Amino acid sequence: MVSAPLPGGARAVARCDMLGVAPYSDTAEGLYRGYLTPAHRATVDQVGRWMVEAGMTVALDHAANLVGRYPGTDADAPALVIGSHLDSVRNGGCYDGPLGVMLAIECVAALNAQGRRLPFPIEVYGFGDEEGSRFPAAMLTSRAVAGTLEADLLAIGDADGVPLASALRLFNADYASLRAGLTFDVDDRSALGIAAFDLARRPAGTTLAYLEAHIEQGPVLEAEGLAVGTVTGIAAQLRYRVEVIGKGGHAGTCAMPLRRDALAGAAEMVLAVEAIARAAASDLVATVGTIEALPGAANVIAGHVRFTLDVRAGNAVRRDTAAEVMLERIHAIADVRGLDFAIERIHDLPASPCDPVLMDLLDSATVAAGQPVRRLVSGAGHDAMVMAALCPTAMLFVRCKGGISHNPAEHVDPADAEIALRVMLGFIERLGAAHAE
């Protein structure tokens, strides 16, 4: 007996689950899919097959992004780009990124099953790198597409010392035998090297808009009993590397009043950061995500500590003001404790507002799908914030259980994915009607 095909939303979730294990993961236990790894290559092959089944032609661009194209009635019209990322963090969840790609494929599959064409083409992107989990440069491949990639980033290497150029060359060499009827936009595979990476850039005037569906990665939708929400924008992000320098010493012989304990000072700084963020009572968040105490021995006073500080808010002024207060507090704590310190800003991403017209279309499609409208800010970064340099953007959040993400416990209800699919199809219909006017 042949079972009935799954509804589109449920199939999208099932496909994400399928991609959560080997050979689509580089680890035997848990999910890790780094950019240009064997698991990434296997995922590109499999997702490319699904794109072909949905009615798309498939290409691999110069940054190893997977691109499926569904023609419109006007071959020369700028395309609606729908997508998200295929890579994952280490020990991550199955839906962060891939769900947006799978739902985009389901949109095209639904249109193709009806023989429908829009006034514009639809291009589905499976970005190769958003998380920065292998190479220390998040959103590397969407930046290449948007034309905002700094050339010096291409000289980076991974934690094992493998240069990006070598990884890209090996990835491409492994496509000597292509499967699933995939057709690539460049016949000469040797041309797909680091020198051609920025050729992934989409030419001006070829992109109508960008739509990304993504799990919320937070608890708001679940707390309010909602399946989906319209994203108003992506929070501005600042990240610092902080070094605290004191004086190491014997844990048993150095009297407490004489100590210059870098770890105790850093601990006070971390608590000060938390207190400032809590007192703001807004969307401001601040996180110390890593901390390292040296020399790292149980019987030695830490003389040197390094930690990171991540500050985010929907408004750049609010973010910057809070960050300045935090840095001043770090300075004051160091002075009182007789510690030296150094602070380096390593990341600065401006707030990325979504397009008001596209947000209205998403809201209208949400109502048509029988759902209440809820607008919310994204505290996490997404490829959409990079694509905003190229075209108007819109994002749809999908409820995730417990707000958990970047964790194997990440979960999406297939019924919620089905609602998201209906909203996305309604958005496409409305954009098509507006474009035809």
Side-chain angles (χ1 to χ4, degrees), residues 27-30 32 34 89-92 131-138 156-162 237-281 284-313 319-348 379-380 402-409:
T27 54
E29 303 215 351
Y32 167 56
V89 297
R90 295 181 184 274
N91 201 35
E131 300 289 2
S133 56
R134 180 181 181 188
F135 297 96
I156 58 176
D158 67 12
D160 295 322
V162 178
Q237 303 175 26
L238 271 178
R239 193 171 299 163
Y240 298 91
R241 182 184 293 114
V242 182
E243 292 195 55
V244 183
I245 304 164
K247 185 176 181 179
H250 196 292
T253 61
C254 188
M256 298 302 292
L258 302 178
R259 295 188 179 198
R260 295 174 58 222
D261 188 330
L263 182 54
E268 186 176 353
M269 294 170 186
V270 172
L271 290 175
V273 163
E274 181 189 45
I276 292 165
R278 283 180 176 271
L284 174 76
V285 293
T287 305
V288 174
T290 67
I291 187 165
E292 180 185 21
L294 301 172
N299 61 345
V300 180
I301 300 163
H304 190 179
V305 171
R306 291 189 286 259
F307 66 88
T308 57
L309 171 60
D310 185 299
V311 186
R312 307 186 189 200
R319 175 203 68 173
D320 293 347
T321 300
E324 184 176 348
V325 173
M326 291 171 190
L327 299 186
E328 289 174 352
R329 185 74 182 115
I330 288 171
H331 191 161
I333 292 168
D335 284 349
V336 169
R337 288 178 168 270
L339 302 169
D340 295 321
F341 69 96
I343 300 174
E344 177 188 4
R345 189 170 67 184
I346 57 176
H347 199 52
D348 184 355
I404 296 171
S405 184
H406 286 189
N407 186 298

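This one's a predicted model, so the numbers in the text were calculated from it and none came from an experiment. The residues of the chain are indexed from 1 along the displayed sequence.
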Atom pairs and distances, side-chain donor-acceptor, residues 252-273, under 3.5 Å, sequence neighbours left out:
from   : atom 1 : to     : atom 2 : distance (Å)
Arg259 : NE     : Cys254 : O      : 2.9
Arg259 : NH2    : Ala251 : O      : 2.9
Arg259 : NH2    : Cys254 : O      : 3.1
Arg260 : NE     : Gly338 : O      : 2.6
Arg260 : NH2    : Gly338 : O      : 3.1
Asp261 : OD1    : Leu263 : N      : 2.9
Asp261 : OD1    : Ala264 : N      : 3.0
Glu268 : OE1    : Arg337 : NE     : 2.8
Glu268 : OE1    : Arg337 : NH2    : 3.2

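- In this structure, Ile330 CD1 and Asp335 CG are separated by 12.0 Å, a value rounded to the nearest 0.5 Å.
- Residue pairs meeting the side chain to side chain donor-acceptor pair (under 3.5 Å) criterion with at least one partner in residues 289-299, sequence neighbours excluded, are Thr290-Thr308, Glu292-Arg306.
- For Glu29, the CD atom sits in a loose shell: 12 or fewer heavy atoms of surrounding residues, nucleotides or ligands are nearer than 6.0 Å.
- Within the 4.5 Å cutoff, the side chain of Arg319 has heavy atoms near those of the Asp348 side chain.
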Q: Check step by step if side chain to side chain contact (heavy atoms under 4.5 Å, CB included) holds for Thr27 and Arg90.
A: CA-CA 9 Å; Thr27 54; Arg90 295 181 184 274; 5.6 Å; no

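- Residues Ser133 and Val89 come closest through the heavy atom pair CB-CA, 4.0 Å.
- Nearest heavy-atom pair across Pro295 and Ala302 is CD-CA, 4.5 Å.
- Judged by distance alone, with hydrogens and angles left aside, the side-chain atoms of Asn407 form a donor-acceptor pair with the main-chain N or O of Ala409 at under 3.5 Å.
- One distance of note links CZ of Phe307 with CZ of Arg241; it measures 12.5 Å at 0.5 Å rounding.
- The distance from the CD1 atom of Ile346 to the CG atom of Asp310 is 9.0 Å, given to the nearest 0.5 Å.
- The nearest pair of heavy atoms linking Ile156 to Ala137 is CD1-CB, 3.8 Å.
- Minimum heavy-atom separation, Tyr240 to Ala323: OH-CB, 3.9 Å.
- Residue Arg312 is tested with Val285, Leu238, Thr287 for a side chain to side chain contact (heavy atoms under 4.5 Å, CB included); the sole match is Val285.
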